[in-house]
> 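Could you have a look at this structure, given as structure tokens, before my questions?
None of these values were measured; they are calculated from a predicted model.
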Amino acid sequence: MFNILIIEDDRALSDGIVLSLKDDKYLLLQAHNIAAARELLKNNSISLIILDINLPDGNGLDFLREIREKYMVSIIILTANDLETDIVTGLELGADDYITKPFSLMVLRARVKLQLRKLETAVSSVIQIDDYNFNFNAMEFSKNGNIIELSKTEQKLLKILIENKGHTLSRSALVDWIWTDGAEYVDENALSVTIKRLRDKLEENPSSSQYIKTVYGVGYTWAVK
């Protein structure tokens with residue numbers, strides 16, 4: 001089941017979109033302003049947003065920026081603003097697609113299906129552990145919907161630990177696997193620094209890690225919960 005949030009102040013158009021997208025696989029939610037949309041986002045797991053730019057209580061592009069800071073969700077902008085600069089701005093702010101009014105409901109339905117197919121593909125590569133979502137293909141990481149920014153080295157380390165969860169990996173093996181750029185020598189302190197940074201970003205209490213455990217004298221393990 002995909003939850004789709006339609007943020008459109010034209011109620012007749014919003015209802016028309018609902019009728020066009022009606023499907024047993026979709027739960028369609030409507031908001032006619034930003035305030036209502038915030039509440040629906042807070043209380044529902046939304047897969048896709050159809051977002052009008054011109055809303056009665058604010059600018060949709062500003063709201064797009066706000067959404068991108070808090071949630072991992074696909075976004076299709078739907079607007080009468082058809083200037084090239086508006087389209088580029090929307091895409092640069094993180095929109096996945098941009099449809100200008102007037103538009104065909106059949107085209108909108110096809111665009112929605114395309115974004116949801118992408119989500120289905122991405123979900124298959126997502127690892128969910130407790131409140132964490134790790135998508136290594138898309139390089140997107142979050143906890144409770146909040147984005148976690150990881151460097152490529154931190155991503156490599158996290159992936160290796162999770163793929164071998166419950167098993168202790170030696171420091172030397174981790175160094176060999178992570179730093180495979182042909183460098184003749186890598187200071188093992190680089191691993192300690194990367195472990196610390198990863199704990200700081202992931203753990204509630206980095207000094208007493210729940211997930212990335214140190215096995216003294218050997219190496220590290222991702223603890224099985």
> Do Trp177 and Val175 belong together in a cluster built from hydrophobic side chains that touch within less than 4.5 Å?
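Yes; Val175 is reachable from Trp177 via cluster members.
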
> Do Leu161 and Ile129 belong together in a cluster built from hydrophobic side chains that touch within less than 4.5 Å?
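Same cluster: Leu161 reaches Ile129 through Ile, Leu, Val, Met, Phe, Trp or Tyr contacts under 4.5 Å.
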
> side-chain contact (heavy atoms from CB on, under 4.5 Å) for Asn3 and Ile46? Distances and angles first, verdict last.
CA-CA 5 Å; Asn3 293 341; Ile46 303 297; 4.1 Å; yes

> So, taking the atom named CH2 in Trp222 and the one named NZ in Lys159, what distance separates them when rounded to the nearest 0.5 Å?
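Going from CH2 on Trp222 over to NZ on Lys159, the span is 14.0 Å.
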
> Looking only at non-hydrogen atoms, find the nearest pair between Asp96 and Gln115 and report the distance.
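The answer is CB-OE1, 3.4 Å.
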
> Identify the residue among Ile76, Ile75, Val88, Ile53 that makes a side chain to side chain contact (heavy atoms under 4.5 Å, CB included) with Tyr98.
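Among Ile76, Ile75, Val88, Ile53, the one meeting side chain to side chain contact (heavy atoms under 4.5 Å, CB included) with Tyr98 is Ile53.
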
> How close do Ile6 and Ser14 get, counting heavy atoms only, and between which atoms?
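Taking Ile6 first and Ser14 second, the nearest heavy atoms are CG2-OG, 3.8 Å.
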
> Could you list the donor-acceptor pairs under 3.5 angstrom formed between side-chain atoms of residues 139-151 and any protein atom two or more places apart in sequence or on another chain?
residue : atom : partner : partner atom : Å
Lys143  : NZ   : Glu204  : OE2          : 2.7
Ser151  : OG   : Glu154  : N            : 3.1
Ser151  : OG   : Glu154  : OE1          : 3.4

> Would Val73 and Arg68 count as a side-chain contact (heavy atoms from CB on, under 4.5 Å) if you check the C-alpha gap in whole Å, the side-chain angles of each, and the deciding distance to 0.1 Å?
CA-CA 8 Å; Val73 58; Arg68 275 285 169 256; 4.0 Å; yes

> Just wondering, do Leu93 and Thr89 contact through their side chains at under 4.5 Å, heavy atoms?
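A side-chain contact under 4.5 Å exists here.
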
> Suppose we screen for ring pair (Phe, Tyr, Trp, His ring centres under 6.0 Å). Which residues come up paired with Tyr132, at least two apart in sequence or across chains?
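Partners of Tyr132 by the ring pair (Phe, Tyr, Trp, His ring centres under 6.0 Å) criterion, ordered by chain and then number, come out as Phe134, Tyr211.
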
> Atom CG of Asp97 and atom OG of Ser74: how far apart are they, to the nearest 0.5 Å?
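Going from the CG atom of Asp97 to the OG atom of Ser74 covers 10.0 Å.
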
> So does Gln210 get a backbone contact from the side chain of Glu203, meaning a donor-acceptor N/O pair under 3.5 Å?
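Present.
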
> Say whether, by atom type as modelled, one donor and one acceptor occur between the side chain of Asn164 and the main chain of Leu169 under 3.5 angstrom.
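Checking the backbone N and O of Leu169 against the side chain of Asn164, no donor-acceptor pair under 3.5 Å is found.
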
> Between atom CG of Asn189 and atom OG1 of Thr194, what is the distance when rounded to the nearest 0.5 Å?
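If I round to the nearest 0.5 Å, the distance is 9.0 Å.
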
> Between Asp200 and Arg197, does any NZ, NE, NH1 or NH2 come within less than 4.0 Å of an OD or OE carboxylate oxygen?
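Salt bridge flag = no for Asp200 with Arg197.
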
> Are Ile4 and Phe103 linked, directly or through other ILVMFWY residues, by side chains that come within less than 4.5 angstrom of each other?
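As far as the 4.5 Å side-chain criterion goes, Phe103 and Ile4 are connected within one cluster.
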
> Quick one: pull up CG in Leu19 and CG in Leu28 and give me the separation to the nearest 0.5 Å.
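Going from the CG atom of Leu19 to the CG atom of Leu28 covers 9.5 Å.
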
> Under the side-chain contact (heavy atoms from CB on, under 4.5 Å) criterion, do Arg171 and Ser192 qualify, and how do the steps go?
CA-CA 9 Å; Arg171 290 180 60 87; Ser192 299; 3.0 Å; yes

> I need the minimum non-hydrogen distance between Tyr26 and Leu21, along with the two atoms involved.
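Shortest heavy-atom contact: CD1-O, 3.1 Å.
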
> Would you say the side chain of Leu105 lies within less than 4.5 Å of the side chain of Ile17, judging by non-hydrogen atoms?
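Contact flag for Ile17/Leu105 side chains = yes.
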
> Given side-chain contact (heavy atoms from CB on, under 4.5 Å), test Leu78 with Ile99 step by step and report yes or no.
CA-CA 5 Å; Leu78 192 64; Ile99 300 176; 3.8 Å; yes

> CD1 of Ile7 to CZ of Arg38: how many Å apart, nearest 0.5 Å?
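With rounding to 0.5 Å, CD1 (Ile7) is 10.0 Å from CZ (Arg38).
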
> For the side chain of Lys156 and the backbone of Ile178, is there at least one donor-acceptor N/O pair under 3.5 Å apart?
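Present.
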
> Does Leu41 reach the side chain of Ile49, with side-chain heavy atoms less than 4.5 Å apart?
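Yes, their side chains come closer than 4.5 Å.
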
> If we only count heavy atoms from C-beta on, is the Asp23 to Arg109 side-chain gap below 4.5 Å?
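Yes, side chains in contact.
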
> Flag the pair Leu157 / Leu191 as yes when at least one side-chain heavy-atom distance between them is below 4.5 Å, and no otherwise.
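Yes, side chains in contact.
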
> Once you round to the nearest 0.5 Å, how far does CZ of Arg199 lie from CD1 of Ile212?
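Between atom CZ of Arg199 and atom CD1 of Ile212 there are 6.0 Å.
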
> Hey, any chance Leu91 and Phe63 share a hydrophobic cluster, counting ILVMFWY side chains that come within less than 4.5 Å of each other, even indirectly?
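Yes, it is one cluster - the side chains of Leu91 and Phe63 are joined through contacts under 4.5 Å.
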
> So for atom NZ, which belongs to Lys101, do other residues, nucleotides or ligands contribute more than 12 heavy atoms lying within a distance under 6.0 Å?
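Counting neighbours around NZ of Lys101, more than 12 heavy atoms of other residues, nucleotides or ligands fall under 6.0 Å, so yes.
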
> For Leu64 and Gly90, which heavy atoms make the closest approach, and how far apart are they?
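Reported closest heavy-atom pair: CD2-O, 3.5 Å.
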
> Heavy atoms only: give me the nearest Asp9-Asn54 pair and the separation to one decimal.
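Reported closest heavy-atom pair: OD1-O, 3.6 Å.
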
> Does Asp15 pair with Arg11 as a salt bridge, N-O distance under 4.0 Å?
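Here Asp15 does not pair with Arg11 in a salt bridge, since their nearest N and O are not under 4.0 Å apart.
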
> Return yes if some donor-acceptor pair links the side-chain N/O of Asn59 with the main-chain N/O of Asp62 below 3.5 Å, else return no.
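Looks like yes, one N/O pair under 3.5 Å.
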
> Salt bridge (Lys or Arg N to Asp or Glu O under 4.0 Å) with Lys152: which residues, sequence neighbours excluded?
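With neighbours one apart ignored, the set is empty.
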
> Are Leu114 and Leu51 connected in the hydrophobic side-chain network, where two residues link if heavy atoms are under 4.5 Å apart?
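In one cluster: no.
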
